[in-house]
J.: 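Handing you this structure, nothing more for now.
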Amino acid sequence: MLIATLGPAGSNHELVANRYLNRHAPQGNILLYTAFEDAFKALLEHKVDRVLQCTAHPEHGHYVGRYMHRVFPVDAFIAGSKPLAILARVDVKTPKTLALQPATRFYTDLSGYSEIIEEPSIVNVSEGLLNGEYDAGICAQEVQAQHPQQLRTVKELGPALDTWVMFGRTPLSNTNSRVY
């Protein structure tokens, strides 16, 4: 099984796709895309077998509608993300700018930040934070442990529990025990 999902490497989409493969198809592989449009096109072109998408992704409803009658949900499940946190650069005493992936916007009170910057993934947030592009960001807690000289933890948020959908080219039959 070849699963297409959103990258970059290190994203929660890759994490959950790996967990799925470990359980359902240990010999399978993951192909990471920078945009879901390309992943869904690859599915329709038979270049991949499945597309995995988190329902919290801001474009989820768009793709459900856009590919109706051509791409079908074939599995759904709940999975936790990497533990998240607000991390700040150690050289910034009072962070004013904060970057986030839009789905994480309401995970905590952000009223103390004067500017919110949207990034496509938590991986992009951590990269920008390490490059000094903003003062703080919501990203994987593990990034602070990997860069303790550059980053500090402002607030631990824990893992997000999200609903994930696996899409395929063939709909489940009404006799399938998973169709209600």
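Computed over heavy atoms, backbone and side chain alike; hydrogens, waters and symmetry mates excluded.
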J.: What pair of heavy atoms forms the shortest contact from Ala39 to Val48, and how long is it?
T.: O-CG2, 4.2 Å

J.: Could you check, using the six-membered ring where one of them is a Trp, whether His24 and Phe77 have ring centers closer than 6.0 angstrom?
T.: no

J.: From the options Asp135, Thr97, Ile86, select the one residue that forms a side-chain contact (heavy atoms from CB on, under 4.5 Å) with Tyr113.
T.: Ile86

J.: Arg152 side chain to Val92 main-chain N or O, any donor-acceptor pair under 3.5 Å?
T.: yes

J.: Answer yes or no: is there a side-chain heavy-atom contact under 4.5 Å between Ile3 and Asp49?
T.: no

J.: Distance from Leu98 atom CG to Arg105 atom CZ, nearest 0.5 Å?
T.: 9.5 Å

J.: Ile138 and Ile122: which non-hydrogen atoms are nearest, and at how many Å?
T.: O-CG2, 4.0 Å

J.: Do Lys96 and Glu115 meet the salt-bridge criterion of a basic N to acidic O distance under 4.0 Å?
T.: no

J.: Give the table of side-chain donor-acceptor pairs shorter than 3.5 Å for residues 155-168, with sequence neighbours excluded, one pair per line with atom names and distance.
T.:
{"from": "Lys155", "atom 1": "NZ", "to": "Thr108", "atom 2": "OG1", "distance (Å)": "2.8"}

J.: Nearest heavy-atom pair of Tyr134 and Val125: which atoms, and what distance?
T.: OH-O, 3.1 Å

J.: Hey, can you tell me if Tyr67 and Tyr63 have their rings parallel, tilted or perpendicular (30° and 60° cut-offs)?
T.: parallel

J.: Which heavy atom of Pro102 sits nearest to which heavy atom of Glu119, and what is that distance?
T.: CD-O, 3.4 Å

J.: Which residues pass the salt bridge (Lys or Arg N to Asp or Glu O under 4.0 Å) test with Arg19, sequence neighbours left out?
T.: none

J.: With sequence neighbours excluded, what pairs up with Asp109 under the salt bridge (Lys or Arg N to Asp or Glu O under 4.0 Å) test?
T.: none

J.: Heavy atoms, side chains only, cut-off 4.5 Å: are Leu43 and Val71 in contact?
T.: yes

